[in-house]
Amino acid sequence: MDLHSPQDFPVNQLSDRYDLARSAVYTRLHQLDITPHRMGRRTFLTPPDLAQMDALHRFIQAGGTAPEFLQRRGQKEVS
């Protein structure tokens, strides 16, 4: 029985999605404080977690850094 949603995204596909090394993917997950959930031997991100990863990736591609992204995200949450 599958306990994950069909919309969940496999963590093992994130390297290809962002064209990053596996270690860089896990660094970003850690920076965003995202804990993937397990189903058997596979791990998945929920759609909101994937949206955060996508937003960070776009921000970095535009020339930003992860600490800048986190600072701006924190400011948005406070406002």
Mind checking side chain to side chain contact (heavy atoms under 4.5 Å, CB included) for Pro47 and listing every partner two or more places apart, or none if nothing turns up?
Gln7, Asp8

Tell me which pairs pass salt bridge (charged side-chain N to carboxylate O under 4.0 Å, His left out) where either residue lies in residues 23-41, with sequence neighbours left out.
none

Separation of Phe44 CZ from Leu14 CG (nearest 0.5 Å)
11.5 Å

Step by step, work out the side chain to side chain contact (heavy atoms under 4.5 Å, CB included) result for Met53 and Leu29.
CA-CA 7 Å; Met53 288 287 288; Leu29 288 169; 3.7 Å; yes

Partner set under side chain to side chain contact (heavy atoms under 4.5 Å, CB included) for Phe69, not counting sequence neighbours
Leu32, Ala55, Leu56, Phe59, Arg73

Under the salt bridge (charged side-chain N to carboxylate O under 4.0 Å, His left out) rule, collect the residues that match up with Arg17, sequence neighbours excluded.
Asp54

With a 4.5 Å limit on heavy-atom distance, are the side chains of Ile34 and Leu45 in contact?
yes

Counting N and O atoms only, with roles assigned by atom type, does the side chain of Gln13 sit under 3.5 Å from a partner on the main chain of Pro10, one being a donor and the other an acceptor?
no

Could you note down all residue pairs passing ring pair (Phe, Tyr, Trp, His ring centres under 6.0 Å) where residues 14-35 supplies at least one of them, sequence neighbours left out?
Tyr18-His57

Please name all residues satisfying side chain to side chain contact (heavy atoms under 4.5 Å, CB included) with Thr35, sequence neighbours left out, ordered by chain then number.
none

State which residues pass side-chain hydrogen bond (donor to acceptor under 3.5 Å, both in side chains) with Thr27; sequence neighbours excluded, sorted by chain then number.
none

Residue list, ring pair (Phe, Tyr, Trp, His ring centres under 6.0 Å) with Phe9, at least two apart or on another chain
none

Gap separating the NE2 atom of His37 from the OG1 atom of Thr46, nearest 0.5 angstrom
7.0 Å

Heavy-atom closest pair (Ser15 atom, Ala21 atom, distance to 0.1 Å) is OG-C, 3.9 Å

